[in-house]
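Below is one structure, written out as structure tokens, with a few remarks after it.
Just the heavy atoms: all of them, side chains too, but no hydrogens, waters or symmetry mates, feed the values below. Chain naming here is simple, since letters A, B, ... match the order of the sequence lines and numbering starts at 1 in each.
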Amino acid sequence: MSDLYLPVNSLLPLKPAVFHILLVLAESEQHGYGIMREIEHLTGGQMKIGPGTLYRSIKQMLELGLIEESDQRPDPELDDERRNYYRLTDYGRRVTQAESNRLLLLVKVAQRRGLVEGS
Amino acid sequence: MHHISIRLYRLLLQLYPAGFRREYGDLIEQAFRDRLRDARHQGIVAVGMCWLRALSDLIVNALGERLTVVQTQSFKHRTLRGAGFVALVLSYPLLWYGICIILAFYAEPTGIGSPAGTVQYYVARLARISVLAYGLPTVIAGISLLIVARAVVYSQRTALLWLLALTNTLVTPVTILLFFPVRELVHGLGLVTYKPLYYPPMAFFIWIPVMVAQIVFLLWLHHRIVRWALLSRKKIILI
């Protein structure tokens with residue numbers, strides 16, 4: 001992983017898969033399949049990502065320094081050693097916040113124009 | 001059934017570029033294994049949907065990753081690899097040129113006599129054996145290219161391309177230069193009784209296939225060595 005980070009705004013907008021992975025990892029460290037399940041759970045089954053999409057995204061995110069591999073096993077009884085766990089970096093958290101704010105701004109615009117149900 | 005599914009998926013993972021597969025292949029397989037296990041608890045329809053999603057995911061991402069590999073290769077790396085490939089391809093006709101010279105001289109009288117006369121004899125003969133020395137390598141070069149292309153597919157290694165090209169290039173003159181004195185020595189010691197060969201038409205048609213078979217065997221042997229060298233250094237499942 002490089003110590004040189006790109007400016008946060010240059011990464012925006014994030015790809016949907018990347019943003020969802022970051023959201024999951026903002027909560028806790030997870031392994032690959034855990035991330036896939038959590039994304040499905042968070043979106044009520046609307047968003048399902050496959051293993052290929054997941055690990056291609058993870059590869060890019062590791063290169064960009066958004067996430068890093070973790071040596072810890074949060075649930076050692078249930079896990080096996082072959083699984084890789086990932087966690088958000090500080091830089092990744094800043095990027096996630098920036099993307100969240102960007103999306104929030106868009107949602108507010110949609111709300112003002114009566115495009116959001118119940119608004 | 002579960003094991004067959006996993007094996008089939010593992011085989012399909014070959015669609016990813018080798019580098020990506022080495023790094024993430026096991027993890028992707030593990031994620032698919034977990035997803036399939038969960039789908040099995042939900043019934044046959046869920047398993048079918050799991051496979052459909054896995055296939056579309058695999059095809060899209062394997063193509064995408066291959067495109068990424070091409071785009072992210074540095075100019076220097078691509079140039080070196082391209083030049084290495086050209087050097088390797090060019091070195092093969094040179095190698096077969098050497099082999100054909102040796103095969104041609106195999107059926108010729110030796111230059112027994114004074115050292116100067118022997119050298120003169122070989123130089124003169126080298127200039128005359130155009131059909132065997134140039135005709136066959138052209139045919140064999142086609143076969144060689146196929147083998148080289150396979151070797152290149154097995155490996156992304158620029159250094160290996162250059163090493164093979166250099167080996168082929170060096171082997172040719174060294175082998176020819178060693179062949180002549182050994183041949184003279186063997187004849188001089190009386191280990192081989194030379195009888196002049198005059199080719200009747202039938203003998204010619206037999207001799208040419210025999211030579212082609214010899215060269216094809218050498219090509220095959222070379223291919224096996226390259227393959228073994230590559231596979232022993234990194235584990236690749238070949239389709």
* Structure fact -> Of B:D38, B:L13, B:D26, B:V60, the largest count of non-hydrogen pairs under 4.5 angstrom with chain A goes to B:D38
* Asked: Can you tell me if B:D57 uses its side chain to pair, donor with acceptor, with the backbone of A:T53 under 3.5 Å?
  -> yes
* Portion of A:K48 that has a non-hydrogen atom of chain B nearer than 4.5 angstrom -> side chain
* To do: Pick one of side chain, backbone, both or neither for B:L58, based on which atoms fall under 4.5 Å of a heavy atom in chain A.
  => neither
* Residue pair A:M36 / B:A31: nearest heavy atoms and the distance that separates them -> SD-CB, 3.9 Å
* Structure fact -> Tightest non-hydrogen contact, residues A:G52 and B:Y16, listed as CA-OH, 3.2 Å
* Minimum heavy-atom distance between B:Y24 and A:Y86, given as atom pair plus value -> CE2-OH, 4.5 Å
* Residues B:E23, A:K59; criterion salt bridge (Lys or Arg N to Asp or Glu O under 4.0 Å); working and verdict -> CA-CA 9 Å; B:E23 205 164 352; A:K59 182 189 164 200; over 6 Å; no
* By a 4.5 Å heavy-atom criterion (distance strictly below it), what part of A:Q60 contacts chain B: side chain, backbone, both, or neither? -> neither
* For atom CD1 of B:I44, decide whether the heavy atoms of other residues, nucleotides or ligands shown that lie under 6.0 angstrom number more than 12. => no
* To do: Apply side chain to side chain contact (heavy atoms under 4.5 Å, CB included) to B:R35 and A:Y33, showing your working.
  => CA-CA 8 Å; B:R35 174 151 274 181; A:Y33 187 58; 3.7 Å; yes
* What part of A:I35 is in contact with chain B, defined as an atom under 4.5 angstrom from a non-hydrogen atom: side chain, backbone, both or neither? -> neither
* Got a second to check how far B:I28's CD1 is from A:Y55's OH, nearest 0.5 Å? -> 8.0 Å
